[in-house]
Asks: 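Structure incoming, see below.
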There are 2 protein chains.
Amino acid sequence: MQFEEAKNKFVQTWGALGSQWGINKTMAQIHALLMVSSESVSMEDIMQQLQISRGNASMNLRSLMDWGIVYKANKPGERKEFFIAEKDLDELATKIAKERSKREIKPALKVLKEVSVIEADGSKAAEHFIQQTQKLYDFVAKADEMIDRVTTYKDNWLGKLMMKILK
Amino acid sequence: MQFEEAKNKFVQTWGALGSQWGINKTMAQIHALLMVSSESVSMEDIMQQLQISRGNASMNLRSLMDWGIVYKANKPGERKEFFIAEKDLDELATKIAKERSKREIKPALKVLKEVSVIEADGSKAAEHFIQQTQKLYDFVAKADEMIDRVTTYKDNWLGKLMMKILK
DNA sequence: TAAAACTTTCAATTATTTTTGAAAGTTTAG
DNA sequence: CTAAACTTTCAAAAATAATTGAAAGTTTTA
């Protein structure tokens, strides 16, 4: 396999993986492309390499920047904007985890809390509902806290956590 | 908030959360409904409560069973099938993690390995590509192994892991 | 073994999400 | 100031994913 072929395969695979996790395919592809580019990349280049429209490129780059995993990088002397990806994988995982927590887990927890505090009406069904949603709340809250704890230190947290688990 | 209202809100929220993580909304809703039901539920009931077609219910129940998080439960004397969800949350998380690893992470790792072993052609771009995809492979492999390790013991693994991290 | 009681399948339809592209907006250079 | 170079926005179009419903399939009952 040659470099160009390998790069293309990587970008396609990353895009497909993104889709399966609820991330727009193009967004994941742009991210993949930037991840493996040693130099910063212009919007033109992204459009050309992924064969996508300007609007599409613009919007998905915006999203990636909102996630905090892609940055603008101005090249001296150049008018147009260039982009680079966060390449440190601990940092990348941390940012993704924090964003997903903020956008999805925290709001879900809020709802879980709300629905788990209804008055029991004596029925078995309501009783079970309260029990189960409370358990779910505790579980999700604990998982969320764990992710936060583990990624806050961030300095090679995955490796360190691995060490702890091995013991 | 009354029981019925709370239940509905929970089902809706779980469905929306599923969508954001690449899981079909109805599938997540059926799962939510079964999670908070104290008794096993028939297909009729699911169709009626979620206002969905028979085909939809059938296909998504099949998927949930393929994931190993919903089971058939025959009621004595009843002809039709009833369904129950895996309610143990450690077990649920374990099954989901294992399935996603098998279906998505493992194949992605395979591709990462493939593309990271191309011959360097001396260019900076190819050099960087190889470096970065190798790092990515290591990172993802480590994360995947960690999930496996942690969920294999499964007996309250989240709580135990939490303990380790606190120290 | 026939028909009733169910479940599954899948082509067609509908809903949702993504993408396009051109107009509007912004910044820089001269 | 104003034209060129570039980016953003967003309504419409295209692509993708989910859903329906009826026919086909299966199992149970009598």
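Quick caveat: nothing in here was measured; it's all calculated off a predicted structure. Chain identifiers are assigned alphabetically (A, B, ...) following the order of the sequence lines, protein sequences preceding nucleic acid strands; residue numbering begins at 1 within each chain.
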Asks: Should the pair R100(B) and W21(B) be classed as cation-pi, given the thresholds of under 6.0 Å to the six-membered ring centre and 45° from the axis?
Replies: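 Ring-cation test returns no.
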Asks: Take the protein atom CZ of R79(A) and the nucleotide atom P of dA4(D), then report the distance between them rounded to whole Å.
Replies: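 The distance from CZ of R79(A) to P of dA4(D) comes to 12 Å, rounded to the nearest Å.
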Asks: Whole angstroms only, please: what is the CG-C1' distance between N56(B) and dG21(D)?
Replies: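 It is 11 Å, rounded to the nearest whole Å.
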Asks: Between D138(A) and K142(A), does any NZ, NE, NH1 or NH2 come within less than 4.0 Å of an OD or OE carboxylate oxygen?
Replies: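 So K142(A) does not pair with D138(A) through a salt bridge.
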Asks: Can a side-chain donor-acceptor contact be found between T152(A) and W157(A) if the only test is distance below 3.5 angstrom?
Replies: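 Note: W157(A) and T152(A) side chains miss the donor-acceptor criterion.
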Asks: Can you check the M27(A) CE to dT16(D) C1' distance for me, whole Å?
Replies: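 It is 19 Å, rounded to the nearest whole Å.
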Asks: On DNA chain D, does the nearest nucleotide to S19(A) precede the nearest nucleotide to K72(A) from the 5' side, or the other way round? Give the residue.
Replies: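 Closest to the 5' end, via its nearest nucleotide, is K72(A).
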Asks: Could you check how far NZ of K25(A) sits from P of dT16(D), rounded to whole Å?
Replies: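 So the NZ-P distance, K25(A) to dT16(D), works out to 6 Å.
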Asks: Please report the distance, rounded to the nearest Å, between CD in Q51(A) and P in dA14(D).
Replies: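 Checked: the CD to P distance equals 18 Å.
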Asks: Rounded to whole angstrom units, what separation is found between the CE atom of M43(B) and the C1' atom of dT26(D)?
Replies: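 Interatomic distance, CE of M43(B) to C1' of dT26(D): 13 Å.
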Asks: Rounded to the Å, how far apart are M59(B) CE and dA17(D) P?
Replies: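 About 15 Å, once rounded to whole Å.
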Asks: Can you list the steps and then say if E39(A) with H128(B) is a side-chain contact (heavy atoms from CB on, under 4.5 Å)?
Replies: CA-CA 10 Å; E39(A) 303 292 334; H128(B) 181 266; over 6 Å; no
Asks: Write down the distance between CD1 (I23(A)) and P (dA17(D)), rounded to a whole number of angstrom.
Replies: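 So the two atoms are 15 Å apart, to the nearest Å.
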Asks: Is the distance between the ring centroids of F129(B) and F3(A) under 6.0 Å?
Replies: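 Here the rings of F3(A) and F129(B) have centres that are less than 6.0 Å from each other.
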Asks: Before accepting this row, confirm whether a basic side-chain N of the pair R54(B)/E44(B) lies closer than 4.0 Å to the acidic partner's carboxylate O.
Replies: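 Answer for the salt bridge query: yes.
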Asks: Name the first nucleotide and the last nucleotide along DNA chain C (5' to 3') that come under 4.0 Å of a heavy atom in chain B.
Replies: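 Reading along DNA chain C, I get dA4(C) to dC10(C).
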